[in-house]
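Remarks on the structure that follows.
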Amino acid sequence: MLRSLRAQLSLSILLILLVMVTLISAASNWFINREFEEYMIRQENERSVSIVNDLGNQYNDLTGGWNQDFLHTIGMYSLYDGYILKIYGARGTLLWDAENHDMSLCGQIMGEISDRMKDAKKSGAFVTRTYPISRNGKQAGSVSITYYGPYFFTENDYRFIKTLNGILLAVGLLSAAFAVVAGTLLARRIARPISKTAYIATQISEGNYGIRFESTPNTRELEEMVTAINHLAQALSEQESLRKRLTSDVAHELRTPLSAVSSHLEAMIEGIWEATPERLQSCQEEIKRLGSLVADLQRLANIEDGNLKLSKTRVDLHEIAQTAVRNLESEGMKKQISLSVSGSPAYADADRERIIQVAMNLLSNALRYTPQNGKIEVETLETEAESILRVKDNGIGIPEQELPYIFERFYRTDKSRNRKTGGTGIGLTIAKSIVESHGGKITVESTVGEGSSFTVLLPKRT
Ligand code: ADP
């Protein structure tokens, strides 16, 4: 059977606290009682010694007589304190006897003491001890003292020990009650974010990505867990909207050329249009565009796939720039655009093929959006932490308000014109994905009519 974390925590904390409270209470109770008993035994011995001394003082060694009145007073005081005396003279003559004096009082006092001790659950019995009474080194007589041994409580002692036990019990009960409250609260504090996490994780698994933890617990591990769950929800929600947007974008991108081709073909089949080579070629161009769109999408999917494996080596961005420029030189010549590479070697740990692809994408954009007789310059340099490749053209530029969107897939600054230039709006998205998978950054600066400058920054070591 599964038990809730809160119940288990509550139970464990409670058990620990209760065991501790019981142990502490029992130990202090035992210790105090033991000390008190020892104190009482000492007290009883001292009392006997003081009775014997007091009696000794009542002997007159000159006359050999006793102060009978004082013997009586001492005897009565002792009796009220629970000590029953029998006082003998030197030759064994009985001088004073509590039982003879007041038999019923003795019986009453003895009865009270044994009742009290029974009440206190202390075992013991009346014992009689005989002590010699001496005066100035000479034996003057003897006294036999009967009392409840090994110790007994007077009324006051008994009240004191009862109050003390009561206080100990109250402290124990209070601590136990506190343990229950503290244990439950503590368990709740730990268990709440965990059960909330379980709830939120279930909600996420059911597709409710908007859900978030509102409060953050002040325990480090719990806070990390809450943050992780919030990030997970955020990432999944972004993935979800990306997926939805991608599907609708792809549908949109495919629909336009497909319906153009389809209506052209339909017109030709129905004989409304004559199938001239130009018309067929236009259809073929649209189909080619579709082909390159699908190829670009495939490439993008490969890169964005989390499993993209980069085969990193130490590469020189300067050399990569030269390779990319060489590959596109003929296109530049067609448009009479000058392509040049400047700067210094710039090394980074990167996947050579993919960085060449980034450079080629940036260069072919520059070629596409730079008019005849333009100029394209690739510059490379190194800073302390980064290696930089910059592609600069003096082409048409990008309006400032569009700059934030050009790295998004299918985004084109002017759709109708770009359809003619053959762009699919994916080139920069691919470049950005590759650069970011290397832990780098890609930025752009541009002025309409003056040109654009794309900068790729790669960390030197990853
Ligand atoms: P495309 O295949 O349309 O070129 P990209 O993702 O490569 O797609 O670029 C997105 C858009 O950014 C382009 O359609 C274009 O409008 C703009 N752009 C990219 N590079 C440049 C550039 N060097 N000069 C001017 N505009 C550019």
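In listed order, ligands and their atoms are each counted from 1. Residue numbers run from 1 in the order of the sequence given. Side chains are part of it too, since the values below use all heavy atoms of this structure and drop only hydrogens, waters and symmetry mates.
- Across the listed options D296, I398, I376, I398 owns the non-hydrogen atom lying nearest to atom 26 (N) of ligand 1.
- By the criterion of a heavy-atom distance under 4.0 Å, the backbone of I426, and not its side chain, is placed next to ligand 1.
- Taking any N or O of F454, backbone or side chain, none lies under 3.5 Å from an N or O belonging to ligand 1.
- In this structure, the side-chain contact (heavy atoms from CB on, under 4.5 Å) partners of T447, at least two apart in sequence or on a different chain, are E450.
- In this structure, the side chain of K460 does not engage the main chain of S387 through any donor-acceptor pair within 3.5 Å.
- Side-chain atoms of D393 come within 3.5 Å of backbone N or O of S452 as a donor-acceptor pair.
- Between the side chain of E44 and the backbone N or O of F152 there is at least one donor-acceptor pair closer than 3.5 Å.
- The closest approach between G425 and ligand 1 falls below 4.0 Å for a heavy atom of the residue.
- Remark: Y148 engages F126 in a ring pair (Phe, Tyr, Trp, His ring centres under 6.0 Å) (not counting sequence neighbours).
- For F407, the heavy-atom gap to ligand 1 stays at 4.0 angstrom or more.
- Atoms of ligand 1 found under 4.0 Å from any heavy atom of Y411 (numbered from 1 in listed order, with element): 10 (C), 11 (C), 14 (O).
- In this structure, the side chain of R299 does not engage the main chain of I430 through any donor-acceptor pair within 3.5 Å.
- Here is the list of ligand 1 atoms found below 4.0 Å of a heavy atom in S452: 22 (C), 24 (N), 25 (C).
- Short contacts between ligand 1 and R368, defined as distances under 4.0 Å to a heavy atom of the residue, involve ligand atoms 1 (P), 2 (O), 4 (O).
- Applying the 4.0 Å criterion to heavy atoms of D393 picks out, from ligand 1, the atoms 22 (C), 23 (N).
- Checking side-chain atoms of N361 against main-chain N and O of G427 turns up a donor-acceptor pair under 3.5 Å.
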